[in-house]
Amino acid sequence: MVSSNFKLAETINQMSIQVKFFASLREKVGHNDVELASAQNALEAWQLATNNMTAPENLLVAINLDYAKLESTLNDGDEVAFFPPVTGG
Amino acid sequence: MVSSNFKLAETINQMSIQVKFFASLREKVGHNDVELASAQNALEAWQLATNNMTAPENLLVAINLDYAKLESTLNDGDEVAFFPPVTGG
Amino acid sequence: MSSWVSETSIEPWSLIAEQQSKQTIQGEFGATATFIGTMRDFSDRPDISRMLLEHYPAMTSRYLDKLEQSAREKWALLDCLIVHRVGEVTPGDAIVVIACWSAHRRAALDACNWLIEELKHQAPFWKKEFNAQGGEWVTGNTDGH
Amino acid sequence: MSSWVSETSIEPWSLIAEQQSKQTIQGEFGATATFIGTMRDFSDRPDISRMLLEHYPAMTSRYLDKLEQSAREKWALLDCLIVHRVGEVTPGDAIVVIACWSAHRRAALDACNWLIEELKHQAPFWKKEFNAQGGEWVTGNTDGH
């Protein structure tokens, strides 16, 4: 029981945030995917995953596949993606 | 020479105007094509070719394949067409 | 650029593919916009079984050419196709095919939109619809809604 | 209704014809509007030889579905098709195919126009163009002119 509770506490403190980069940002940052153990919001995830690179002005953010903001709060299990303006079609 | 001049005079006095009707107007008037020996304008052509039928309000007129008006003057050799609003496409 | 009237059944996607296969603008065009008008089995009246498409042949070709010409003057089109069916059609048959090719998308989209509206209000075609109650001439084109 | 991403070459007119062959709306639809986006051999830079289309797969399918759903809420569409190419393409290759079917023409035309604009500004696709000088990411979609 004690061991099990201890593990639970550990899980609560240690979030899992998946960070993804696409297109020119992927090349600039130098990697596709990073897993973070904690990040309060998208901005903190950006800072941690890029070693404090300055965020471009036209940076787009998606949390769990929907557009979001840099100030948007992150929760355990979230996937946050950073990318430049889209150019499909 | 005399005979030839006489023929020329005849041609000048006697115009040839082709009158055409389309769609519901063709059915209403009861014929497609009429040739008139003279008509000053489209309205007169309508009156002569339809036995003075009242012209419908939405009547469309084309002279030599271009939209025209009932008051538009006719010249020898002209083709004047009468039809209801177009419904293609 | 081509426009014509067809007295026999038209297959829109084959027509457009064929037009494209004859083009020499590959790499130049970035946009194709098309509109296909197809016969429905209803109008203001239900259960339309067939339709007769009448036209004024000499004026029709002149007007289809004119429409194409005007569209080319208004927009930077690389190619354009207008085909209109005449004669007897049944529900599901294509009535009109319009396709516009351009480098950038607004030209093709706007020209295609303009062409179908102009065609509907200018080109000398008339529809007579038949159902069990008999034939009736369509009295006017709507605004498309 | 269907939307998908294709990793291999797409042939627009066959795709649309095939979609239509699966429909059960014959006699109901009177209008089909389509837009095809095709790769050009130029952009702001000349002589583009190839292009890489990257996307964010999970978000892309979600967004194409969302776009279709929104279009159906805004207009009375009977069917809708959205296909977007990813991977490496060369000039003349189709990049996007949009087709809308409706009873009356304004719905299909307006929905098609709206869908291409929304797709260009919302769906997570990115283009990297290559010419003899190397590769460059396209920095933003234009307003279509």
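Source: prediction; values computed, not measured. Per chain, numbering begins at 1; letters A, B, ... match sequence-line order.
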Kindly compute the distance separating CG (B:Asp66) from NZ (C:Lys66), expressed to the nearest 0.5 Å. 4.0 Å
Heavy-atom cut-off 4.5 Å, strictly under: side chain, backbone, both or neither for C:Ala123 against chain B? backbone
Count the heavy atoms belonging to other residues, nucleotides or ligands that lie under 6.0 Å from CD of C:Glu7, then report whether that count exceeds 12. no
Report yes if the side chains of C:Trp137 and B:Pro84 come closer than 4.5 Å at any heavy-atom pair, otherwise no. no
Which portion of C:Thr139 sits near chain B, non-hydrogen atoms under 4.5 angstrom: backbone
Heavy-atom distances under 4.5 Å only: say whether C:Tyr63 touches chain B with side chain, backbone, both or neither. side chain
Validation row: B:Phe22, C:Met59 side chains within 4.5 angstrom (heavy atoms): no
Given heavy-atom pairs under 4.5 angstrom as the criterion, report whether the side chain, backbone, both or neither of C:Glu136 touches chain B. neither
As an exercise, state the distance from CG of C:Leu53 to OG1 of B:Thr87, rounded to the nearest 0.5 Å. 7.5 Å
State the OG-CD distance between B:Ser24 and C:Glu54, to the nearest 0.5 angstrom. 9.0 Å
Validation row: C:Tyr56, B:Val86 side chains within 4.5 angstrom (heavy atoms): no
What part of C:Lys120 gets within 4.5 angstrom of chain B, counting heavy atoms only: side chain, backbone, both, or neither? both
What option among C:Trp126, C:Phe35, C:Phe125 has the most heavy-atom pairs under 4.5 Å with chain B? C:Trp126
Does CG belonging to C:Asp44 count more than 12 external heavy atoms closer than 6.0 Å? no
Out of B:Glu79, B:Arg26, B:Lys20, return the one with the most heavy atom pairs under 4.5 angstrom to chain C. B:Arg26
Check: C:His84 side chain, B:Gly89 main-chain N or O, donor-acceptor pair, under 3.5 Å: yes
Verify the neighbour count for atom CD of C:Glu11: are there more than 12 heavy atoms of other residues, nucleotides or ligands below 6.0 Å? yes
Quick check on B:Ala62 against chain C: is it the side chain, the backbone, both or neither that has a heavy atom closer than 4.5 Å? side chain
